[in-house]
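None of the values given here were measured: they were computed from a predicted structure. Every heavy atom of this structure was used, including side-chain atoms; hydrogens, water molecules and symmetry mates were not.
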Amino acid sequence: MKKLKESVGVLYNIIAAHKACLTDEAAHLNFNWKAEAIEVFITQKERHVMSDDVGSDLTSCEVLISRHNNYTTSLNSFKENIESLTALKNRLIASQHAQTKALKQRHTDVMKRWNTLYAESEARKKRLNTALAHFNEIEGIFQTFAEKASQFNGWYENAEEDLTDLIYTSNMDECKRLREEHTAFVEALSQEKREEFRELTEIDRTIRSHHVSVNPYTWFTMDSLEDSWQSLLRAVKDRDLMIEKETLRQEQREELRKAYAQQANNFAEWLAATKQKLTNNRHRLEDQRDLIEGKHEEIKKRRAVLREIEDLSAHLEQNMIFDNKYTTHSTVTLAQQWDQLNEFTRRMHHTVTAQIEAQNRTGVDEDELKEFTLMFKHFDKDRSGRLDHTEFKACLRALGFDLPVPSEDEPDTVFESILDCVDFDRDGFVRLEEYMQFMISRTTENVASTDELTEAFRSLTEDGNKPYITASELYAAMPPDQAKYCIDRMEKYPDVPGALDYTNFTKIIFQNNLNNSAISTE
């Protein structure tokens with residue numbers, strides 16, 4: 001039994017030793033299997049880290065970086081297999097495995113390949129990050145070029161539109177402003193915009209130096225921008241020619257304005273000077289008459305000058321010129337002033353002639369006539385040749401007329417009777433000739449009988465001896481309102497068309513006891 005027990009113990013030891021050998025061998029086989037799996041993994045991953053592909057642009061580079069990040073994650077996840085292999089190696093060495101030397105060598109080779117793989121992975125990551133920075137720089141350049149190109153093109157389109165707009169100015173000042181604006185634009189083009197274009201050229205040169213593809217942020221290229229720039233320079237030259245033509249056109253229009261203005265201003269000055277000379281005429285009545293007649297002839301001749309001014313005005317209108325800073329006188333106002341001066345001269349001649357005839361016929365002193373005239377002009381503040389009723393009443397009082405002041409509710413019968421003589425149509429005004437006739441009649445009582453009045457009318461007829469008178473003869477010898485007064489009241493002369501009976505008219509006048517001064521016999 002003792003031997004049996006000893007044999008069983010030996011057997012147990014043999015079994016334990018065999019088990020230990022089997023366990024070590026299993027661990028060895030497991031080590032080799034793990035080492036082989038790791039080597040296969042490393043072999044697969046080596047193809048990735050050895051690649052030189054970093055992408056052709058930012059997007060492709062970012063895709064590769066994303067893949068590499070996944071790759072790095074897989075490496076980090078695989079580290080536990082390396083750690084497991086190392087632990088197994090250490091256990092086998094600790095158990096003094098027969099293949100310890102081979103195990104150490106195998107582990108060393110695997111770790112070398114693993115560390116190399118890890119280093120290559122970091123190196124590829126660095127290459128990708130370097131490429132990413134490079135592509136980001138290019139992307140920034142792309143964006144800068146796109147932004148500046150867009151701004152330049154927007155400015156170019158607006159500038160081209162302005163440069164190709166039709167030019168039409170209405171005067172030289174507008175043309176001058178247009179020239180100044182264009183000059184300022186050309187200066188900005190030569191300085192600011194040329195510098196911006198130079199910056200675009202430099203950016204494009206930088207882009208080309210990187211040998212990259214088409215800019216994804218814009219369809220503008222430096223070639224298209226260069227074409228736009230050259231087109232703009234041509235448009236500037238064309239604009240220069242357009243402004244030169246417009247300037248020449250406005251210079252011609254300006255000459256037309258000046259020609260009209262010179263004639264119109266001279267004519268207006270002549271009108272004012274002539275009226276002033278006639279108004280300030282202080283000579284003897286005969287000299288006044290001669291001056292008035294001379295001026296009247298001059299006025300009629302000056303109508304031709306007015307026609308020339310009207311022709312110039314028509315020429316201005318044909319050229320669409322409606323403004324003129326060189327004059328304030330229009331042909332309408334000049335024609336009105338000429339008509340007024342002509343009528344004023346005619347009335348003055350009639351008044352002075354009437355005064356001369358009254359003086360010759362009645363012996364009225366010329367100084368007294370001058371006093372009447374001066375007094376009228378004193379109250380004629382606006383030099384219109386007429387007095388309103390208030391001014392006329394003040395003039396009469398200044399001349400010594402005893403005009404009572406009626407109470408508020410009483411009619412001014414005395415003054416109203418005088419107005420019946422001088423303001424027939426009651427238009428509210430007394431003209432110089434009406435006033436003078438009234439003053440002469442009041443001073444001389446020059447018409448004393450129907451015979452004298454009849455003879456006065458007879459003297460106005462064509463041959464001075466007709467028993468009738470015509471409307472044209474009355475208008476030629478009397479102020480229009482007085483002539484109309486007589487025509488409205490004279491009966492038709494029988495058997496003579498257009499003839500008026502002045503004999504019966506004078507009888508009616510005296511029968512009605514009207515004031516003699518109401519009728520002009522001149």
Side-chain angles (χ1 to χ4, degrees), residues 4-139 210-213:
L4 181 61
K5 287 181 179 179
E6 290 177 352
S7 298
V8 171
V10 170
L11 181 61
Y12 273 119
N13 289 335
I14 293 171
I15 292 172
H18 183 68
K19 182 179 179 181
C21 287
L22 289 174
T23 300
D24 287 345
E25 187 61 25
H28 180 245
L29 291 174
N30 188 33
F31 174 85
N32 286 333
W33 176 81
K34 284 182 177 292
E36 185 176 349
I38 290 172
E39 286 174 338
V40 170
F41 176 81
I42 291 173
T43 300
Q44 292 174 346
K45 297 299 182 181
E46 281 177 339
R47 288 195 300 271
H48 172 79
V49 296
M50 297 306 294
S51 173
D52 292 327
D53 182 17
V54 292
S56 59
D57 53 33
L58 181 63
T59 302
S60 60
C61 182
E62 288 176 339
V63 170
L64 290 175
I65 288 176
S66 178
R67 290 177 182 176
H68 188 72
N69 289 336
N70 294 333
Y71 172 85
T72 302
T73 301
S74 69
L75 286 184
N76 292 332
S77 299
F78 198 77
K79 274 185 178 181
E80 63 182 20
N81 294 315
I82 300 298
E83 293 171 354
S84 175
L85 181 67
T86 301
L88 187 57
K89 182 263 300 183
N90 291 335
R91 185 162 61 84
L92 288 171
I93 292 174
S95 66
Q96 297 182 350
H97 192 278
Q99 299 294 328
T100 294
K101 184 177 181 180
L103 288 170
K104 287 182 177 180
Q105 185 62 45
R106 183 77 183 271
H107 181 266
T108 299
D109 292 341
V110 169
M111 289 305 297
K112 183 179 180 180
R113 290 188 66 186
W114 172 258
N115 290 332
T116 299
L117 178 66
Y118 208 84
E120 289 295 335
S121 175
E122 291 298 315
R124 176 160 177 77
K125 181 179 180 180
K126 185 175 182 180
R127 290 196 304 274
L128 286 171
N129 285 334
T130 301
L132 180 65
H134 174 70
F135 286 127
N136 275 325
E137 179 185 0
I138 294 175
E139 199 75 2
H210 289 292
H211 305 289
V212 291
S213 59

Quick one: CD1 on Ile42 to NZ on Lys112, what's the gap to the nearest 0.5 Å? 12.5 Å
Using a 6.0 Å cut-off, check whether atom CD of Glu122 has over 12 heavy atoms from anything other than its own residue. yes
Distance (rounded to the nearest 0.5 Å) between Glu137 CD and Phe135 CZ: 11.5 Å
I want to check something: taking the side chain as every heavy atom from C-beta on, are Leu85 and Asn81 in contact at a cut-off of under 4.5 Å? no
Arg113: partners by salt bridge (charged side-chain N to carboxylate O under 4.0 Å, His left out), with sequence neighbours left out: Glu46
Please list every donor-acceptor pair under 3.5 Å in which a side-chain atom of residues 47-54 meets a protein atom from a residue at least two apart or in another chain.
{"residue": "His48", "atom": "NE2", "partner": "His68", "partner atom": "ND1", "Å": "3.1"}
{"residue": "Ser51", "atom": "OG", "partner": "Asp53", "partner atom": "N", "Å": "3.2"}
{"residue": "Asp53", "atom": "OD1", "partner": "Gly55", "partner atom": "N", "Å": "3.0"}

Do Ser60 and Asp57 have a side chain donor and acceptor closer than 3.5 Å? yes
Checking Arg106 now: which residues fulfil salt bridge (charged side-chain N to carboxylate O under 4.0 Å, His left out) with it, not counting sequence neighbours? Glu39
Please name all residues satisfying side chain to side chain donor-acceptor pair (under 3.5 Å) with His134, sequence neighbours left out, ordered by chain then number. none
Nearest 0.5 Å, please: how far is CG in Asn69 from NZ in Lys125? 6.5 Å
Verify the distance criterion only: is there a donor paired with an acceptor across the side chains of Asn32 and Glu36 at less than 3.5 Å? no
Leu58 side chain near Glu62 side chain, heavy-atom distance below 4.5 Å: yes
In Å, rounded to the nearest 0.5 Å, how long is the span from CG of Leu75 to CG of Leu117? 5.0 Å
Nearest-0.5 Å distance, OG of residue Ser84 to CG of residue Asn30: 7.0 Å
Ser74 side chain vs Tyr71 backbone, donor-acceptor pair below 3.5 Å: yes
Residues Thr100, Leu92; criterion side chain to side chain contact (heavy atoms under 4.5 Å, CB included); working and verdict: CA-CA 7 Å; Thr100 294; Leu92 288 171; over 6 Å; no
Could you give the distance from NZ (Lys104) to OG1 (Thr108), rounded to the nearest 0.5 Å? 9.0 Å
ring-ring contact (aromatic ring centres under 6.0 Å, His included) with Tyr118: which residues, sequence neighbours excluded? none
Only counting residues at least two apart or in another chain, list the ones meeting side chain to side chain contact (heavy atoms under 4.5 Å, CB included) with Met111. Ile82, Thr86, His107, Trp114, Asn115
Note, Arg124 side chain near Leu64 side chain (heavy atom, < 4.5 Å): yes
